[in-house]
Amino acid sequence: QVQLVESGGGLVQAGGSLRLSCAASGRTFRGYAMGWFRQAPGKEREFVAAISWSGGSTYYAGSVKGRFTISRDNAKNTVYLQMNSLKPEDTAVYYCAAGSKGVTGVDTSYAYWGQGTQVTVSS
């Protein structure tokens, strides 16, 4: 059974930092990309960042580029999202996704999803 579990969310002031983790179990996802998406109340799910299996290729949404960094530790089957210079607009539930054949922001490309972790940025 495949399971993705996000952690690291919380409340932070604008300008602060937070690191999210996503631990995968059930398989290694060797050769597949992983990513992060987010969804704010009343809004559609949006792409945040994605990373290849090797970590050699990354892709970021324009709204987070330069502030967020995605990385992975395949030995732990874990992907991370380091979020710096956080803004109130970053407030959302953040979801981990796995199983994409490519490094993409298209949500339907990912086969597995976590339950999400809440990130709240106060002004």
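- Judged by distance alone, the side chain of T91 and the main-chain N or O of V121 form a donor-acceptor pair under 3.5 Å.
- For the atom pair S100 OG and W53 CH2, the distance stands at 14.0 Å (nearest 0.5 Å).
- Within the 4.5 Å cutoff, side-chain heavy atoms of I70 are placed close to those of V79.
- Judged as a salt bridge (Lys or Arg N to Asp or Glu O under 4.0 Å), and not counting sequence neighbours, E89 has no contacts.
- Atom CD of Q39 has more than 12 neighbouring heavy atoms from other residues, nucleotides or ligands inside a 6.0 Å radius.
- Judged as a salt bridge (Lys or Arg N to Asp or Glu O under 4.0 Å), the pairs with a partner in residues 104-122 (not counting sequence neighbours) are, in order, R45-D107.
- When only modelled atom types and interatomic distance are considered, S17 and N84 share a side-chain donor-acceptor pair under 3.5 Å.
- Inter-residue side-chain proximity for T58 and V103 is flagged as unmet; no heavy-atom pair is nearer than 4.5 Å.
- Atom CD1 of I51 and atom OG of S57 lie 8.5 Å apart (nearest 0.5 Å).
- Residue pairs satisfying the disulfide (SG to SG under 2.5 Å) criterion with at least one member in residues 82-123, sequence neighbours excluded, are listed as follows: C22-C96.
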Working for side-chain contact (heavy atoms from CB on, under 4.5 Å), residues Y60 and V48: CA-CA 6 Å; Y60 297 92; V48 177; over 6 Å; no
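- Interatomic distance, Y32 OH to S109 OG, rounded to the nearest 0.5 Å: 12.5 Å.
- Sorted by first and then second residue, the salt bridge (Lys or Arg N to Asp or Glu O under 4.0 Å) pairs involving residues 75-86 (not counting sequence neighbours) form an empty list.
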Worked check of side-chain contact (heavy atoms from CB on, under 4.5 Å) between Y80 and T69: CA-CA 8 Å; Y80 305 94; T69 302; over 6 Å; no
Residues Q82, S71; criterion side-chain contact (heavy atoms from CB on, under 4.5 Å); working and verdict: CA-CA 8 Å; Q82 178 66 46; S71 62; over 6 Å; no
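- Transitive grouping of hydrophobic side chains (ILVMFWY, heavy atoms separated by less than 4.5 Å) brings W113 and Y59 into a common cluster.
- Not counting sequence neighbours, F68 has no partner by the ring pair (Phe, Tyr, Trp, His ring centres under 6.0 Å) test.
- Linking ILVMFWY side-chain heavy atoms closer than 4.5 Å, directly or via other members, places L86 and W36 in a single hydrophobic cluster.
- Put simply, V93 and V12 are part of two different groups of oily side chains (I, L, V, M, F, W, Y) that touch within less than 4.5 Å, one to the next.
- In this structure, OG in S63 is found 5.5 Å from CD in E46, a value given to the nearest 0.5 Å.
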R38 and V64: CA distance, side-chain angles, deciding distance, side-chain contact (heavy atoms from CB on, under 4.5 Å) verdict: CA-CA 12 Å; R38 66 187 183 187; V64 307; 4.0 Å; yes
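- Residues Y95 and F37 place their aromatic rings such that the two centres sit no closer than 6.0 Å.
- Proximity of a side-chain donor or acceptor of R72 to a complementary backbone N or O of A33 within less than 3.5 Å is not detected.
- Residue M34 holds its CE atom at 6.5 Å from CG of N77, rounded to the nearest 0.5 Å.
- T117 places a side-chain heavy atom less than 4.5 Å from the side chain of L20.
- Between the side chain of Q115 and the backbone N or O of V5, no donor-acceptor pair lies under 3.5 Å.
- Under the 3.5 Å distance criterion, the side-chain polar atoms of Y110 are matched with a main-chain donor or acceptor of T104.
- Both Y94 and L18 sit in one connected hydrophobic cluster of ILVMFWY residues. Membership requires side-chain heavy atoms under 4.5 Å apart, directly or through other members.
- Applying the salt bridge (Lys or Arg N to Asp or Glu O under 4.0 Å) test to every pair with at least one member in residues 58-71, sequence neighbours left out, gives these pairs: R67-D90.
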